[in-house]
K.L.:
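Following this message is one structure expressed as structure tokens.
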Amino acid sequence: MPDGSQADPAGLRPERPTVRVLVDVHELVENSLVPSGARWTLAEPGRQLDANLIHLPAGQRVDTHTEPDLDVVLIVIAGGGIVGSPDGDQVLADGNIVWLPRSSTRNITAGKNGLSYLTVHRRRPGLQIGKRPGQ
């Protein structure tokens, strides 16, 4: 539909966007069924954002990488750790909001109590079939 709304399953009327609570992050942090990695991912249809709640056990690390396309906001939900960059290490603590600008190089290491954090960024475009750059 051109206005961005979605039809209901029966196709009778457009569905209005609805404000709602999606998840309680404290329950997710306490859920040990997912020992590491993504404990929650925003999957709402028609969204313009991506968001993930990530948990790293004590000492686990997200290796050094560069995000070429997207600015990312990282919000520490529980625990702590270090975000490393070519400019040096910065301590991450519960409640910190960190900006990871596009094209920045970084790594993340969980502290002794582990690290749970939420990332939010513009929705990544879908993969497309095409030639690789330089070919």
K.L.:
I need the full list of salt bridge (Lys or Arg N to Asp or Glu O under 4.0 Å) pairs touching residues 76-85, with sequence neighbours left out, sorted by first then second residue.
P.N.:
none
K.L.:
Looking at E44 and R20, is any side-chain nitrogen of the basic one under 4.0 Å from a carboxylate oxygen of the acidic one?
P.N.:
yes
K.L.:
Under 4.5 Å between side-chain heavy atoms, hopping through other hydrophobics if needed: is there a path connecting V72 to I97?
P.N.:
no
K.L.:
So, for R39 and V29, which heavy atoms are closest and what is the spacing to 0.1 Å?
P.N.:
NH1-O, 2.6 Å
K.L.:
Which salt bridge (Lys or Arg N to Asp or Glu O under 4.0 Å) pairs, counting each pair once, include a residue from residues 84-110, with sequence neighbours left out?
P.N.:
D71-R102
K.L.:
Can you sort out the partners of Q60 under side-chain hydrogen bond (donor to acceptor under 3.5 Å, both in side chains), two or more places apart, ordered by chain and number?
P.N.:
none
K.L.:
Mind jotting down which residue pairs meet the salt bridge (Lys or Arg N to Asp or Glu O under 4.0 Å) criterion with at least one end in residues 54-64? Sequence neighbours excluded, please.
P.N.:
R61-D63
K.L.:
With side-chain hydrogen bond (donor to acceptor under 3.5 Å, both in side chains) as the rule and sequence neighbours excluded, what pairs involving residues 75-85 come up?
P.N.:
none
K.L.:
With sequence neighbours excluded, what pairs up with T18 under the side-chain hydrogen bond (donor to acceptor under 3.5 Å, both in side chains) test?
P.N.:
none
K.L.:
Give the table of side-chain donor-acceptor pairs shorter than 3.5 Å for residues 73-81, with sequence neighbours excluded, one pair per line with atom names and distance.
P.N.:
none

K.L.:
Ignoring hydrogens and geometry beyond distance, is a side-chain donor-acceptor pair present between H55 and S116 at under 3.5 Å?
P.N.:
yes
K.L.:
For T109, which residues count as a side-chain hydrogen bond (donor to acceptor under 3.5 Å, both in side chains) partner, sequence neighbours excluded?
P.N.:
none
K.L.:
Below 4.5 Å, heavy atoms only, C-beta onward: do N96 and Y117 meet side chain to side chain?
P.N.:
no
K.L.:
Who pairs with Q90 by side-chain hydrogen bond (donor to acceptor under 3.5 Å, both in side chains), at least two apart in sequence or on another chain?
P.N.:
none
K.L.:
Quick one: side chain to side chain contact (heavy atoms under 4.5 Å, CB included) partners of T66, sequence neighbours excluded?
P.N.:
T105
K.L.:
Taking D24 for its side chain and H26 for its backbone only, find out whether a donor-acceptor pair lies under 3.5 Å.
P.N.:
yes
K.L.:
Which residue pairs satisfy the salt bridge (Lys or Arg N to Asp or Glu O under 4.0 Å) criterion with at least one member in residues 47-58, sequence neighbours excluded?
P.N.:
R47-D50
K.L.:
Can you list the other members of the hydrophobic cluster that holds I82, where links are side-chain heavy atoms under 4.5 angstrom apart?
P.N.:
V91
K.L.:
From N52 CG over to T41 OG1, what is the distance, rounded to the nearest 0.5 angstrom?
P.N.:
4.0 Å
